[in-house]
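Below: one structure, written as structure tokens.
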Amino acid sequence: MELGNKVIDEAVQGSATLLADTDKTNNKKVYIESYGCQMNFSDSEIVASILAESGYGTTNNLEEADVVLVNTCSIREKAEQTVRQRLTVFNKEKKKKPELVIGVLGCMAERLKSQLLEEEKIVDIVVGPDAYRDLPNLVAQVDEGKKAVNVILSKEETYGDISPVRLLSNGVTAFISITRGCDNMCTFCVVPFTRGRERSRNPESILKEAQDLFDRGYREVTLLGQNVDSYLWYGTEGLKKYYENLSEEEKAQSINFAQLMEKVAQISPKLRVRFSTSHPKDMTDEFLHVMAKYDNICNYIHLPFQSGSNRILEMMNRGYTREWYMDRIDSIRKIVPDCSISADIIAGFCSETEEDHQDTLSLMDYVKYDFSYMFNYSERPNTQAQRKFKDDVPQEVKSRRLQEIIDKQSTHSLERNQAYVGKTFEVLVEKKSKRSDNELAGRTSQNTVVVFPKENYKVGDYVTVYIEDCTGGTLLGRAI
Ligand code: 5AD
Ligand code: SF4
């Protein structure tokens, strides 16, 4: 995902990730494209690992693929349209090569189930997010001439024992998923239906994966979950229990997100740790104190607020008020003073008035986010909002409000970046800059992209950079 204030529509967020070639252990090759959230990109690495066990290599060349998989997103309608366009392209390829197997993974698979197989007949395999271990069997079924589907959601599956194949990796940064599913039931959101109930992964497997990445030269891990703050381990894999409901024994051995974070941070001061996504109703001061204690926990929090209006927040079932959210922001500013903050914002939710919209704008003014992901509300089938409320804000009103949100964010992003000019930051180098081979690009702890002349530095180095100039999305500097 790119940084900077940006309307993340799927054209941006869901740009296809083509997978790099890996060792080929049989003659069959899989080509995977991923759309949507970071969790999907992380899941595709798990899928590649499961298929590698059965001898499949990966390819970034569609024409040499035996199996094409598309890991899909259902969060907004546009995301699904993008995937459908890709399926048309893959079906054209199949006309040329009838033995090509086409599979849909992830949220669209879970949402549409066998519809894509039986009614639309545009795929051979449909696999939901908890059924990836079944993929080798499902591909074999198709090879025998059957269509294959597994969309069973699990209460236990965390893929904790699977060591992901790092795809398109820069060898420096990697994702580690720590929870799956979501129990929050925000009324606008399909995720609880497509990804199922919340489960936390065994901390030992998380720590082992992080340690292993560090030993292999990685210098940054991002802990992923729909709501990382609700991570809770109490000894058994499976359906989330809440702390109040634990037995004394479970309480004694429980590990919450703050404690997990501390353990990951202790692996090495040279391993940066990031996390996403935080939830305002669950983010604790205990966690913020852990952040403040360790320099290698990056000073950046993605804290979606969705709307600044209490009436809309209630309708969204977000579990907090505007005042609660502002209190969380005050705590961040107090405990982790140089922390950058980003948000997700939805314009034009059901019944949103101009006054509600002004509340969103004024909350933005209060926080002055470093950047935001900003969306028009998109009604999703079978969500509570679709069943209970009317999607009654006209499209042109939604778009105008979204534009006002974007304009405000652009101003704030530029102001934030201008305040970094003249300061010095430690940058972890991730890649060559897009503009020039003589420049490197990396990020500050605050997650802002920095571009600077290469000199003798290389990818994976920590470099102290003096910031000389900026744009809305990028800082420009030189190593000192
Ligand atoms: N319409 C628009 N945006 C949505 N999001 C989730 N569901 C919808 C929807 N139906 C946004 C929220 C969430 C982000 C991942 O996507 O802002 O935080
Ligand atoms: Fe969706 Fe809300 Fe869960 Fe985020 S916290 S995945 S918006 S239900």
Side-chain angles (χ1 to χ4, degrees), residues 1 5-10 12-14 35-41 43 73-81 106-108 110-111 129 153 177-199 224-231 240 257 275-283 301-308 312-320 325 341-350 352 360 363-364 369 371-393 395 398-399 401-402 405-406 409:
M1 200 189 296
N5 71 335
K6 192 165 269 176
V7 190
I8 292 286
D9 262 325
E10 288 59 37
V12 178
Q13 189 186 24
Y35 293 85
C37 64
Q38 292 167 331
M39 189 69 93
N40 264 6
F41 286 74
D43 277 2
C73 172
S74 288
I75 202 120
R76 283 167 293 276
E77 195 182 342
K78 212 166 157 196
E80 293 200 351
Q81 284 165 359
C107 289
M108 253 175 105
E110 196 60 50
R111 198 179 82 70
L153 285 173
S177 51
I178 64 164
T179 67
R180 294 186 75 81
C182 186
D183 280 356
N184 286 321
M185 299 302 278
C186 299
T187 55
F188 52 78
C189 187
V190 286
V191 168
F193 306 102
T194 59
R195 289 192 159 267
R197 298 291 303 277
E198 186 180 314
R199 290 139 271 167
L224 289 182
Q226 306 298 340
N227 171 2
V228 286
D229 298 295
S230 72
Y231 177 88
K240 165 96 188 259
F257 183 54
F275 50 94
S276 188
T277 298
S278 303
H279 198 301
K281 82 178 162 56
D282 296 316
M283 192 192 65
I301 302 182
H302 181 55
L303 197 67
F305 75 97
Q306 316 296 4
S307 167
I312 297 288
L313 285 171
E314 169 94 41
M315 283 174 71
M316 288 177 162
N317 191 34
R318 286 289 291 175
Y320 54 85
Y325 186 91
I341 306 175
S342 64
D344 291 343
I345 309 172
I346 297 178
F349 186 66
C350 311
E352 186 188 77
T360 293
L363 190 53
M364 291 178 75
Y369 293 97
F371 53 93
S372 291
Y373 303 108
M374 299 160 280
F375 316 101
N376 270 331
Y377 172 59
S378 161
E379 185 178 77
R380 305 310 291 130
N382 300 323
T383 54
Q384 289 182 63
Q386 188 257 327
R387 284 188 264 127
K388 289 201 306 210
F389 309 129
K390 246 176 106 185
D391 180 15
D392 55 0
V393 178
Q395 189 53 48
K398 279 185 190 168
S399 299
R401 289 181 188 163
L402 179 62
I405 291 170
I406 293 167
Q409 185 54 56

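Numbering of ligands and ligand atoms starts at 1, following listing order. For the numbers below, each heavy atom of this structure counts, side chains included, while hydrogens, waters and symmetry mates do not.
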side-chain contact (heavy atoms from CB on, under 4.5 Å) assessment of Asp229 paired with Lys281: CA-CA 9 Å; Asp229 298 295; Lys281 82 178 162 56; over 6 Å; no
Please identify which atoms of ligand 1 are closer than 4.0 Å to at least one heavy atom of [X].
X      : value
Gln306 : 12 (C), 13 (C), 17 (O), 18 (O)
Phe375 : 3 (N), 11 (C), 14 (C), 16 (O), 17 (O)
Tyr377 : 1 (N), 2 (C), 10 (N)
Arg380 : 10 (N)
Asn376 : 1 (N), 2 (C)

Look only at interatomic distance and state if [X] has a nitrogen or oxygen under 3.5 Å from any nitrogen or oxygen of ligand 1.
X      : answer
Arg76  : yes
Phe188 : yes
Ser378 : yes
Asp344 : yes

Within reach of ligand 2, part of Pro304 (heavy-atom separation under 4.0 Å):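 Under 4.0 Å from ligand 2, Pro304 contributes no heavy atoms.
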Atom indices of ligand 2, in the order listed, that fall short of 4.0 Å to a heavy atom of [X]:
X      : value
Asn184 : 5 (S)
Phe188 : 7 (S)
Pro192 : 8 (S)

Residue pair Thr179 / Ser230, side-chain heavy-atom distance below 4.5 Å: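 A side-chain contact under 4.5 Å is absent here.
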Heavy-atom side-chain proximity of His279 to Gln226 below 4.5 angstrom: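 They are not in contact (no side-chain heavy atoms under 4.5 Å apart), so the answer is no.
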N, O or S from Cys182 under 2.8 Å to atom 3 (Fe) of ligand 2: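 An N, O or S atom of Cys182 is closer than 2.8 Å to atom 3 (Fe) of ligand 2, so yes.
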CD/Gln81: more than 12 non-hydrogen atoms of other groups inside 6.0 Å: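 It does: Gln81 CD has more than 12 such atoms within range.
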Atom 1 (Fe) of ligand 2 - nearest protein heavy atom and its distance: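 It is Cys189 SG, 2.3 Å.
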Shortest protein contact, atom 2 (Fe) of ligand 2 (heavy atom only):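 Answer, as residue, atom name and distance: Cys186 SG, 2.3 Å.
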Arg318 touching ligand 2 at heavy-atom level, < 4.0 angstrom: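 Contact present.
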Mode of Glu379 contact toward ligand 1 - side chain, backbone, both, neither (heavy atoms, under 4.0 Å):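 No part of Glu379 is near ligand 1 at this cut-off.
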Residue part near ligand 1, for Ile75, under 4.0 Å between non-hydrogen atoms: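 The answer is both, backbone and side chain.
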Nearest heavy atoms of Gly348 and Tyr377, plus distance in Å: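 Heavy-atom minimum between the residues: O-CB, 3.5 Å.
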Within the 6.0 Å centroid threshold, strictly below: Tyr369 and Phe305: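 When the ring centroids of Tyr369 and Phe305 are compared, they turn out to be within the sub-6.0 Å range.
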Audit row: Leu402, Met374, side-chain contact (heavy atoms from CB on, under 4.5 Å) steps and yes/no: CA-CA 7 Å; Leu402 179 62; Met374 299 160 280; 3.7 Å; yes
Ser307 side chain to Glu352 side chain, donor-acceptor N/O pair below 3.5 angstrom: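 No donor-acceptor contact under 3.5 Å links the two side chains.
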Worked verdict on Phe349 versus Gln306 for side-chain contact (heavy atoms from CB on, under 4.5 Å): CA-CA 9 Å; Phe349 186 66; Gln306 316 296 4; over 6 Å; no
